[in-house]
Amino acid sequence: MSYKQQITDFYNARTNYDNDVTRNRAIALFDYASPQIGQSVLDVATGTGNIAIGAAKRVGANGSVIGIDIATELLKIARQKAQNLSNVQWIEVAVEEYQPSIQFDAIYCSFAIVLFSNIPAILSNWCRSLNPSGFIAFTCSSEDSYFALSIVEACAKHGVILPNLHELLGTPERIQQVLTQANFTQIEIYPRQLGTYMTLEKAQSRWNGRFWLHQENPLLELEPEKIQQIKASYDAAIAQLESDRGVWHEELIYYVVARKI
Ligand SMILES: C[S@@+](CC[C@H](N)C(=O)[O-])C[C@H]1O[C@@H](n2cnc3c(N)ncnc32)[C@H](O)[C@@H]1O
């Protein structure tokens, strides 16, 4: 199955995606960059449309918003939620294939950019698709969020090299570098810690030894015995992290705004 199909299936199955956490962490992007009345906005990987709907209300009747995504089921929810809004349009298309016919004042992408193929090329495209005074606003996660480094290390212990989805945009320095290369300026990075302590059992259950969203997932090729060994190493590493408050589950989100000029 292609990577894109895996992602589509994964999100199509998440019709319970919306809750206070997913909604609030997305619309927090407006705290750092908000579109103005009459502007045109693109929301990439809109999902259930939280950013697109928030933007449609902000730009008003003379503004316009396009929300794009590959997950049909999430777009259905977005459409339903936006029934009373006439200035938002939904398009089922992958970001890699989308060819906009207009320039945007703002391009948003909340909790999705790491899933895209060829992120540097997409960022360059976004820069070209912006009006001169336009901005992009997106989120990405630190490279150690979601126990990613513990998972990568557990695999390495057994000779399996697991690419980390969050590596490219996983530190402020790398975000700066990647955006500069894509011709962006005035790069602002606002870290927000959304992490929590969890019980050891919950922390260990966060990873089943196989699941990994990345274009190359070498775990899919492994025998069940090998997976069990890796999972045991992961469980042991997580147990080492336990304190009297539980296990710290890092979720350090970078809210990023960058401008064309
Ligand atoms: C974690 S959800 C975020 C949804 C929404 N932006 C939010 O914050 O509420 C990730 C979304 O990215 C979409 N997605 C992943 N890869 C994509 C691609 N290549 N093109 C368009 N959408 C994609 C998924 O279908 C899913 O809706």
Side-chain angles (χ1 to χ4, degrees), residues 1-35 41-58 65-82 88-100 104 106-126 129 136-142 145-146 148 163 165-166 168-169 190 192 194 206 211-217 251-257:
M1 191 194 294
S2 75
Y3 175 65
K4 206 165 283 167
Q5 195 56 49
Q6 270 182 58
I7 299 270
T8 310
D9 292 351
F10 178 74
Y11 283 104
N12 270 335
R14 294 186 65 188
T15 44
N16 61 350
Y17 182 82
D18 271 343
N19 57 46
D20 284 349
V21 173
T22 52
R23 208 172 301 114
N24 291 337
R25 70 181 191 180
I27 59 173
L29 267 172
F30 294 127
D31 294 350
Y32 306 111
S34 182
V41 176
L42 173 66
D43 180 23
V44 177
T46 188
T48 56
N50 289 320
I51 289 280
I53 291 169
K57 290 176 182 160
R58 283 169 170 79
V65 178
I66 296 176
I68 67 166
D69 203 286
I70 48 176
T72 324
E73 297 306 316
L74 297 195
L75 282 176
K76 269 189 204 160
I77 297 172
R79 273 199 187 92
Q80 215 160 35
K81 280 160 59 178
V88 56
Q89 185 192 347
W90 309 102
I91 305 178
E92 188 177 323
V93 64
V95 61
E96 293 85 355
E97 280 137 39
Y98 179 55
Q99 312 244 336
F104 298 98
I107 298 179
Y108 285 87
C109 184
S110 150
F111 288 83
I113 195 167
V114 294
L115 301 170
F116 304 158
S117 337
N118 203 345
I119 296 167
I122 287 168
L123 286 167
S124 298
N125 265 339
W126 289 352
S129 307
I136 57 166
F138 68 89
T139 63
C140 50
S141 311
S142 76
S145 287
Y146 316 109
L165 198 67
H166 304 290
L168 184 74
L169 299 171
Y190 304 95
R192 274 201 191 195
L194 306 185
R206 292 295 292 212
F211 177 78
W212 194 243
L213 274 182
H214 195 283
Q215 305 223 34
E216 296 130 49
N217 181 0
E251 211 181 323
L252 177 59
I253 309 302
Y254 299 117
Y255 286 78
V256 182
V257 180

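In listed order, ligands and their atoms are each counted from 1. Given the structure is predicted, the values throughout are model-derived calculations rather than measurements.
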Original post:
Considering only heavy atoms, does Ile70 approach ligand 1 within less than 4.0 Å through its side chain, its backbone, both, or neither?
Top reply: both
Original post:
Can you name the closest pair of heavy atoms from Pro120 and Leu168 and give their distance?
Top reply: CD-CD2, 4.1 Å
Original post:
For atom 15 (C) of ligand 1, which protein heavy atom lies nearest, and how many Å away is it?
Top reply: Ile7 CG2, 3.4 Å
**OP:** Consider ligand 1: state whether an atom of it lies below 4.0 angstrom from any non-hydrogen atom of Thr48.
**Re:** no
Original post:
Does the pair Trp126 and Ile113 meet the rule for a side-chain contact (heavy atoms from CB on, under 4.5 Å), with working shown?
Top reply: CA-CA 12 Å; Trp126 289 352; Ile113 195 167; 3.9 Å; yes
**OP:** Using a strict cut-off of 4.0 Å, indicate which atoms of ligand 1 neighbour a heavy atom of Ala71.
**Re:** 25 (O)
Original post:
Which residue, Ile91, Asp43, Leu75, forms the side-chain contact (heavy atoms from CB on, under 4.5 Å) with Asp69?
Top reply: Leu75
**OP:** Select one of side chain, backbone, both or neither to describe which atoms of Thr46 lie under 4.0 Å from any atom of ligand 1, heavy atoms only.
**Re:** backbone
Subject >> Protein contact of atom 9 (O) of ligand 1 - nearest heavy atom, named by residue and atom, plus distance >> reply: Tyr17 CE2, 3.4 Å
**OP:** Identify the two heavy atoms, one from Cys109 and one from Leu29, that lie closest to each other, and give their separation to 0.1 Å.
**Re:** O-CD1, 4.2 Å
Original post:
Which one of Phe10, Tyr108, Phe111 has a non-hydrogen atom at the shortest distance from atom 1 (C) of ligand 1?
Top reply: Phe111
Original post:
What do you reckon, does Ile68 put a non-hydrogen atom under 4.0 Å from ligand 1?
Top reply: no
Original post:
If you count the atoms of ligand 1 from 1 in the order shown, which ones are under 4.0 Å from a heavy atom of Phe116?
Top reply: 16 (N), 17 (C), 18 (C), 19 (N), 23 (C)
Original post:
Which of the numbered atoms in ligand 1 are below 4.0 angstrom from a heavy atom of Leu74?
Top reply: 27 (O)
Subject >> Atoms of ligand 1 close to Ala26 [distance to a heavy atom under 4.0 angstrom, numbered from 1] >> reply: 8 (O)
Original post:
Would one find an N or O of Glu96, backbone or side chain, under 3.5 Å from an N or O of ligand 1?
Top reply: yes
**OP:** For ligand 1, note which part of Ser110 has a heavy atom under 4.0 Å away: side chain, backbone, both or neither.
**Re:** both
Original post:
Is there a side-chain contact between Ser129 and Ile107 (heavy atoms, below 4.5 Å)?
Top reply: yes
Original post:
Is a side-chain N or O of Ser145 found less than 3.5 angstrom from the main chain of Leu252, in a donor-acceptor match?
Top reply: yes
**OP:** Ignoring angles and geometry beyond distance, decide whether Ala45 reaches within less than 3.5 Å of ligand 1 through its nitrogen or oxygen atoms.
**Re:** yes
Original post:
Has ligand 1 got any nitrogen or oxygen that is less than 3.5 angstrom from a nitrogen or oxygen of Val95?
Top reply: yes
**OP:** Enumerate the atoms of ligand 1 whose separation from the nearest heavy atom of Gly47 is less than 4.0 angstrom.
**Re:** 4 (C), 27 (O)
**OP:** Return a yes/no value for Lys4: is any of its N or O atoms, backbone included, closer than 3.5 angstrom to an N or O of ligand 1?
**Re:** no
Original post:
Does Tyr17 have its ring centroid less than 6.0 Å away from the ring centroid of Phe111?
Top reply: no
**OP:** Would you check whether Thr22 has a nitrogen or oxygen atom less than 3.5 angstrom from a nitrogen or oxygen atom of ligand 1?
**Re:** no
**OP:** May I have the step-by-step check of side-chain contact (heavy atoms from CB on, under 4.5 Å) for Ser141 and Val114, ending in yes or no?
**Re:** CA-CA 9 Å; Ser141 311; Val114 294; 6.0 Å; no
Subject >> ligand 1 atoms in contact with Ala112 (distance to a heavy atom under 4.0 Å) >> reply: 10 (C), 12 (O)
Original post:
Is there side-chain contact between Phe138 and Val44, with at least one heavy-atom pair below 4.5 Å?
Top reply: no
Original post:
Tell me: protein heavy atom nearest atom 13 (C) of ligand 1, and distance?
Top reply: Asp69 OD2, 3.4 Å
Subject >> From Tyr255, Tyr254, Tyr32, residue fulfilling ring pair (Phe, Tyr, Trp, His ring centres under 6.0 Å) relative to Tyr190 >> reply: Tyr32
Original post:
Does the side chain of Leu115 reach to within under 4.5 Å of the side chain of Phe10, using non-hydrogen atoms?
Top reply: no
Original post:
Does any N or O in the side chain of Ser34 come within less than 3.5 Å of the main-chain N or O of Phe30, such that one atom is a donor and the other an acceptor?
Top reply: no
